[in-house]
Every structure is written in structure tokens, then in C-alpha cells.
Amino acid sequence: MNPDIQKLISEVSQDRLRDYLRKIEGCRHGSKNYQALEERAQFIVKTLRSFNLDVESQEFQFHRKIYRNIIATHYGRNEKTDMILLGAHYDAASGSPGADDNGSGVAVMLESANIVSKYKFDNTIQFVAFTLEEPQPHTIHFLIGSNHFAEEARRLKRKYNAVLILESVGYTDDAEGSQIVPPFIKGQVPKTGNFLGVVADRKSKGIMTVFSDIACQYVPELPVVTYKVPFSGRIIPETRFSDHASFWNQGYPALMLTDTAMFRNPHYHSHRDRYETLDFNFMTDVARAVVGVATFLSGMYSNCG
């Protein structure tokens, strides 16, 4: 086992995860809770800057309001190489405090950034908080923030050799039959909702294998179930319900890391999606796996501290 990976994994703090989630939780729908969403954006910017990362806002207009994706960059030794991106959306569905969807994903992203920012890597790592992932009035489209980001990245010919999207990673249920399996999903999927799903398309099959292998080796207590969708998920729409699909559309290798959201969590998109319903031991293990995979993919070469 790589001692560098073990060291970084050991630094994951459940207390910090809890604190981040408390500060993200709350109604923050893009249209109905615009000011609350902006307050969360300010918190994310402040937190990422506290890690000495280069932080910028990618602003765009949607129905006469300005929204922003938040991009924090940790530059590697080889700045011209392909980058690693770890992302999560910070808005929530209408009427929901969004603890699992997607406060949990933002918390894991922030904790990963906190740890990774203390070290130097060969490759550059970006941490991105996406806005307007959830459905909005006046349009049938969603994933609005990540679509803007991915389209701009492709236009500017930015290269990412791995995109990891955290989508609802805090809810478990150990009861037999608690896990729903969507129609047309082939293969063995457990009927107990206590695993992390890792969803890939053809281009991201390699990083799916890396994620599974690193998690198995360094965080064996975290059950991981992998699934490669055919045709970038277009015949199974449920596999495209998060920001990874924006990257698939632009040809980038991207994974969705998820507790499967509505297929397990009865509080999904409701006022009951709260801090008290989450499994923080599971979320901590997810963060440890994510930190391990980011370390492996980016090639740590020295300690900054």
C-alpha cells in the first residue's frame, strides 16, 4: 500500500464534514431562494480560499439573474498536463433543505480540498461547486451550471483525464429491500441500500476501475458497486440525473459517485432531507475513498506542510 495515500486518507475528519454540511443545509433553490443560494456560494468561496487555493467564479445569466459556478484550482508541478476535477452541485430542489442532495456532496468536496491543498501533486486538481443542477422554472432543462462549465471547457480545449461528481453521498439504509433498482439496469445490484454507486460510461470505464480498486484497497469498509452504462446512459435516463452527464456530453471521462438518491432515500427532494437522516460514518468513508483516488490519479510528490 502507498503510504502517501494512507496518510492523506487518515486526515479525513468527520467533525469537519458535519460542520460543512450544517452550513450548506437549508432551502437554496436557484429561483425560489436566490439570496440563500448566494449565501452558500459565499461560504464555499470563503472556505476554499482558506485552503490557499486559487478561487474564481464563473458567472452566467439565467432569466435575468446572475449565477455562478465556483472553481478552486490547486496547481500541479506539470501545469500543462490533463487535470483532475472533483465537483458537486450546491443548489437544492424546491422546498428541500437538501442535506443529502447535495449538501453531502459539497461537504465531501470541501473536506477533500482541505486535505489535498496541503500537498503538491504532478497534476493540477480543480474543485468545482456547480449551481442550478436542479430543475428550474421557465425551462425543461436542468444541469444548467455544469452544462455551461463543460461547454466552455470544451471550447477552450481544456483537458481533464478524470472528472468525479459527488451526487448525494450521505444516506444509507441497512434494511433488506431498501434499495430500488431502476428498470433496464443489468447486473447484480444489492437490495440493501448501504453502498456507494460508481456510474461510468465507455470513456470513463478506466477511472471507474481505478476508483473501485483504490476504495477496495484503502477503504475496505466502504461497499462500492460499479456500473458502466451503454450509450452514455441515453437509454437509461436515470443514470444521467447529475452533473457528470454534462461532461459525458462533451466527451470527458466522468464518474457519478452516489448513494443512488431517489432509489434509496425516501426523503429525496422533500422537506425531510435533513442532517439528522444522514449516515456520517458512510460519508466519511466516501471522503476517504475520494481523497485516495484523487491522490492516486494526481501523483503526489511532496509535502507542502
Side-chain angles (χ1 to χ4, degrees), residues 21 25 29 88-89 91-108 133-135 140 142-143 146 164-202 204-205 208 211-212 215-216 219 221-246 248 254-287 289-290:
L21 199 140
E25 184 183 26
H29 183 261
H89 74 87
D91 63 319
S94 177
S96 175
D100 188 33
D101 184 15
N102 189 34
S104 62
V106 176
V108 169
E133 187 266 2
E134 301 289 359
I140 61 172
F142 56 107
L143 315 181
S146 60
L164 310 177
I165 298 297
L166 293 150
E167 174 56 63
S168 304
V169 292
Y171 187 87
T172 63
D173 188 334
D174 290 328
E176 181 68 22
S178 58
Q179 183 65 51
I180 299 169
V181 181
F184 308 115
I185 295 289
K186 297 180 180 179
Q188 294 296 317
V189 177
K191 299 299 191 295
T192 301
N194 60 4
F195 61 86
L196 178 71
V198 180
V199 181
D201 68 350
R202 180 181 58 83
S204 50
K205 182 180 178 181
M208 177 184 74
F211 192 99
S212 179
C216 180
V219 195
E221 56 271 40
L222 176 68
V224 172
V225 175
T226 60
Y227 186 75
K228 185 185 78 68
V229 301
F231 306 110
S232 292
R234 296 188 187 281
I235 60 174
I236 311 175
E238 296 89 345
T239 63
R240 294 177 56 84
F241 284 178
S242 191
D243 294 312
H244 63 291
S246 297
W248 286 357
L255 300 180
M256 175 173 60
L257 313 176
T258 182
D259 62 21
T260 75
M262 74 284 266
F263 297 108
R264 174 188 308 175
N265 189 341
H267 314 301
Y268 173 77
H269 278 198
S270 80
H271 66 278
R272 300 184 306 276
D273 183 8
R274 298 185 177 278
Y275 175 99
E276 294 78 13
T277 66
L278 300 188
D279 181 343
F280 282 91
N281 290 328
F282 177 78
M283 198 186 307
T284 301
D285 287 340
V286 172
V290 167

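One-based numbering along the sequence shown.
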request  = Please check if the side chain of Asp100 supplies one atom and the backbone of Tyr268 the other of a donor-acceptor pair under 3.5 Å.
outcome  = no
ask   = Would you say Met283 and Leu21 make side-chain contact, with heavy atoms under 4.5 Å?
value = yes
task = Any chance you could lay out the side chain to side chain contact (heavy atoms under 4.5 Å, CB included) test for Leu166 and Val290, step after step, and finish with the verdict?
result = CA-CA 9 Å; Leu166 293 150; Val290 167; 4.0 Å; yes
query = Measuring from Glu176:CD to Lys191:NZ, what's the distance to the nearest 0.5 Å?
reply = 8.0 Å
Which residues share a ring-ring contact (aromatic ring centres under 6.0 Å, His included) with Tyr227, sequence neighbours left out = none
message = Strictly distance-based, threshold 3.5 Å: is any side-chain N or O of Gln179 a donor or acceptor partner for the main-chain N or O of Phe263?
response = yes
ask   = If only atom types and distance count, is the side chain of Asp201 paired as donor or acceptor with the main-chain N or O of Trp248 below 3.5 Å?
value = no
ask   = Around Arg202, counting heavy atoms of other residues, nucleotides and ligands shown, do more than 12 lie under 6.0 Å from its CZ?
value = no
task = Just do the side chain to side chain contact (heavy atoms under 4.5 Å, CB included) check on Met262 and Asp101 with the steps written out, would you?
result = CA-CA 10 Å; Met262 74 284 266; Asp101 184 15; over 6 Å; no
ask   = Does Asp259 offer a backbone N or O that forms a donor-acceptor pair with the side chain of Ser168 under 3.5 Å?
value = no
query = Using 30° and 60° as the class limits, which term best fits the ring planes of Phe280 and Tyr275: parallel, tilted or perpendicular?
reply = tilted
request  = Could you pull out the closest heavy-atom pair between Arg264 and Phe195, with the gap in Å?
outcome  = NH2-O, 2.8 Å
inquiry  = Could you check whether any side-chain N or O of Asp91 sits under 3.5 Å from a backbone N or O of Glu133, counting only pairs where one atom can act as donor and the other as acceptor?
reply    = yes
query = Is there a donor-acceptor pair closer than 3.5 Å between any side-chain N or O of His29 and the backbone N or O of Pro135?
reply = yes
query = Got a second to check how far Lys228's NZ is from Thr239's OG1, nearest 0.5 Å?
reply = 11.0 Å
task = Would you indicate whether Gln188, at its atom CD, is surrounded by more than 12 heavy atoms from other residues, nucleotides or ligands within a distance under 6.0 Å?
result = no
remark   = When every non-hydrogen atom of Pro97 is compared with those of Gly95, the smallest separation belongs to CD-O, 4.1 Å
query = Counting only N and O atoms by type, is there a donor-acceptor contact under 3.5 Å from the side chain of Arg272 to the main-chain atoms of Pro266?
reply = yes
message = Quick check against the 3.5 Å criterion: does Asn102 have a side-chain atom that pairs as donor or acceptor with the backbone of His89?
response = yes
request  = Could you tell me which non-hydrogen atom of Leu255 sits nearest to which non-hydrogen atom of Ala200, and how far apart they are?
outcome  = CD2-CB, 3.5 Å
query = Out of curiosity, Ile180 CD1 to Thr260 OG1, how far, rounded to the nearest 0.5 Å?
reply = 8.0 Å
remark   = Across all chains, not counting sequence neighbours, the side-chain hydrogen bond (donor to acceptor under 3.5 Å, both in side chains) partners of Asp279 are Thr172
request  = Enter the distance from Phe142:CZ to Asp243:CG here, rounded to the nearest 0.5 Å.
outcome  = 9.5 Å
key: Side-chain heavy atoms of His271 within contact of Asp273, under 4.5 Å   = no
ask   = For Ser204 and Ala254, which heavy atoms make the closest approach, and how far apart are they?
value = OG-O, 3.0 Å
remark   = Rounded to the nearest 0.5 angstrom, the CG-CZ distance for Leu143 and Phe241 is 9.5 Å
By side-chain hydrogen bond (donor to acceptor under 3.5 Å, both in side chains) - contacts of Ser270 (at least two apart) = none
query = Taking all atoms of both residues into account, what is the closest heavy-atom pair of Ser104 and Gly170, and its distance?
reply = OG-N, 3.6 Å
ask   = For Arg240 and His244, which heavy atoms make the closest approach, and how far apart are they?
value = CA-NE2, 3.9 Å
ask   = NE2 of His267 to CD of Glu276: how many Å apart, nearest 0.5 Å?
value = 10.5 Å
ask   = Distance-only, no hydrogens or angles: does the Ser242 side chain make a donor-acceptor pair with backbone N or O of Glu167 under 3.5 Å?
value = no
